Amino acid sequence: MEPRIVVLASGSGTNLQALIEATRERDFPGQIVAVGCNRPQAFALERARQAGIETFTVDHTEYPSRAEFDAAFSAEIERHSPDLVVLAGFMRILTPEFVRAFHGTMLNIHPSLLPKYTGLNTHRRALEAGDSLHGVSIHFVTEDLDGGPVIAQAQVDISADDTPDSLAEKVQQMEHVLYPIVVRWFCEGRLTLSEDGACFDGLPMTTPMVLPANDA
Ligand code: GRF
């Protein structure tokens, strides 16, 4: 049986779209069985429907606490028996209980070269710091916000005329390349999370895989 993937999103879902297209390739070793959302109006839901993928929405504004939302949301996810949960622009901080439930089977994409710039406004912060390189990271989700073991990164050059918006666009282009690659590795059984961190083909990754800017 092919690995079952549940994608969680909150917004426009361009990463979801890239994953939908990748998993449609005949030799892709996994299938997206459902897309879950915390915002009923998220365009990601529309993308999933157009692709014929089942969706579920748990509106976080209807829950009095984060713990209650997380419990309801994880019950919905579990209903689809996922082998992999992919956070693709999912904009909620998750409780430790939620994260523990999917330990070693949940990936996130973050628009910076972690450990730099966890949290929000990463493009503006990279520009303000005068960095010459920026990019995207894909990591296993642990209880540490944006702090789980990094699997892969793609770099982009920052040029003198970049703005937060132009930089976001460059980074997103790389997100759409990198996420399908990493999801494929996971589905092929090449990626695991051990006590020592992320492992590739059973060996601990001492550094993330990096797609350098000048190859982009
Ligand atoms: C991406 O930039 C991702 O890095 C961040 O949220 C954004 C989601 O974009 N976590 P989209 O919804 O996939 O278009």
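No hydrogens, no waters, no symmetry mates; every other heavy atom, side chains included, goes into these values. Atoms within a ligand are numbered from 1 in the order they appear, just like the ligands themselves. What you are looking at is a predicted structure, and each value in this text was computed from that prediction instead of being measured.
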Donor on one side chain, acceptor on other, D70 and S74, under 3.5 Å: no

Among non-hydrogen protein atoms, atom 1 (C) of ligand 1 lies closest to E175 OE1, 3.1 Å

Ion pair R190/D201, N-O distance below 4.0 Å: yes

Polar contact flag, side-chain donor to acceptor under 3.5 angstrom, Q153-S137: yes

So which heavy atom in the protein is nearest atom 7 (C) of ligand 1, and how far is it from that ligand atom? Q172 NE2, 3.9 Å

In terms of residue, atom name and distance, what is the protein heavy atom nearest to atom 6 (O) of ligand 1? G89 CA, 3.5 Å

Salt bridge flag under 4.0 Å for residues R24 and E21: no

Is there a polar contact between ligand 1 and T14, counting only N or O atoms under 3.5 Å apart? yes

Pairs of nitrogen or oxygen atoms closer than 3.5 Å, one from S12 and one from ligand 1: do any exist? yes

When you measure from atom 10 (N) of ligand 1 to every protein heavy atom, which one gives the shortest distance, and what is it? I109 O, 3.2 Å

Is the closest basic N to carboxylate O distance between E46 and R49 below 4.0 Å? yes

Joint hydrophobic cluster, I151 plus V141, side-chain heavy atoms closer than 4.5 Å: no

Contact between G13 and ligand 1, counting heavy atoms under 4.0 Å? yes

